Amino acid sequence: MTVLLLALAGGLGAVARFVLDGAVSSARPWRYPVATTLINLTGSFLLGLLAGLAATALLPGSALLVLGTGFLGGYTTFSTAAYEAVRLAEQRRWGAALLHGVGQVVAATALAALGYLLGSAR
């Protein structure tokens with residue numbers, strides 16, 4: 001049963017990413033991959049929050065698996081971020097490529113830590 005829930009959550013996460021990416025991308029023509037950045041940063045924060053809640057036993061481990069690995073695994077897209085960073089570098093937009101590639105990893109890690117701290121605070 002857990003495997004089915006995991007697969008379903010992954011699919012729903014991918015749909016959520018697709019919808020959010022479409023909404024952000026169609027709002028205006030961005031020169032920077034704003035949608036991917038927003039998706040990865042929110043997903044990292046939420047994963048940290050879920051991990052913090054699980055660490056304090058407020059969230060069962062099976063829920064962390066389904067929501068964290070399934071939904072947020074389908075929602076976030078660091079492979080797309082890597083591709084977009086390479087594409088920015090190919091356009092010789094070095095600052096944007098560095099910000100998107102390295103900055104996103106640093107910010108995502110910091111937001112995951114913040115989410116964990118908030119989730120594990122009692």
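Note that the coordinates shown come from a computational prediction; the quantities given were computed from them, not determined experimentally.
Residue F45 holds its CZ atom at 5.0 Å from CG of L118, rounded to the nearest 0.5 Å. Here CG of L6 is found 12.5 Å from CE of M1. Values are rounded to the nearest 0.5 Å. Atom CG of D21 and atom CG of L38 lie 9.5 Å apart (nearest 0.5 Å).
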Please step through side chain to side chain contact (heavy atoms under 4.5 Å, CB included) for the pair L49 and Y116, ending with a clear verdict.
CA-CA 5 Å; L49 186 66; Y116 183 86; over 6 Å; no

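F78 is listed as a side-chain neighbour of S44, based on a closest heavy-atom distance under 4.5 Å. Counting heavy atoms from C-beta on, the side chains of L12 and Y75 never come closer than 4.5 Å. No side-chain heavy atom of F71 sits less than 4.5 Å from a side-chain heavy atom of L46.
When atom types are taken as modelled, the side chain of N40 and the backbone of T77 share a donor-acceptor pair closer than 3.5 angstrom. A donor-acceptor pair under 3.5 Å is absent between the side-chain atoms of W30 and the main chain of A35, judged by distance alone. Of the possible polar contacts, one joining the R93 side chain to the R31 backbone as a donor-acceptor pair under 3.5 Å is found.
Connection of L5 to L53 is not established within any shared hydrophobic cluster, with ILVMFWY side chains joined at heavy-atom distances below 4.5 Å, either directly or through further cluster members. A single hydrophobic cluster is seen to contain both L114 and L50, as judged by linkage of ILVMFWY side chains at heavy-atom distances under 4.5 Å, directly or through other members. In the hydrophobic clustering of this structure, L88 does not group with V102; members are Ile, Leu, Val, Met, Phe, Trp, Tyr whose side-chain heavy atoms approach within less than 4.5 Å, directly or through other members. Taken together through direct or relayed side-chain contacts under 4.5 Å among Ile, Leu, Val, Met, Phe, Trp and Tyr, L64 and L8 form part of one hydrophobic cluster. Note on V106 and L117: separate hydrophobic clusters, where clusters join Ile, Leu, Val, Met, Phe, Trp and Tyr whose side-chain heavy atoms are under 4.5 Å apart, directly or indirectly.
None of T36, I39, V15 except one satisfies the side chain to side chain contact (heavy atoms under 4.5 Å, CB included) rule with L20; the exception is I39.
Heavy-atom minimum distance, H100 versus A85: CD2-N, 3.7 Å. Listed here is the closest heavy atom pair of R17 and T76: NE-O, 4.0 Å. Minimum interatomic distance between S26 and G22 (heavy atoms only, all atoms of both residues): OG-O, 2.8 Å.
No more than 12 heavy atoms of other residues, nucleotides or ligands lie within 6.0 Å of OH in Y83, so this atom counts as exposed by the packing criterion.
In this structure, R92 forms no cation-pi arrangement with W94, as its terminal cationic atom is not both closer than 6.0 Å to the ring centre and no more than 45° off the ring axis.
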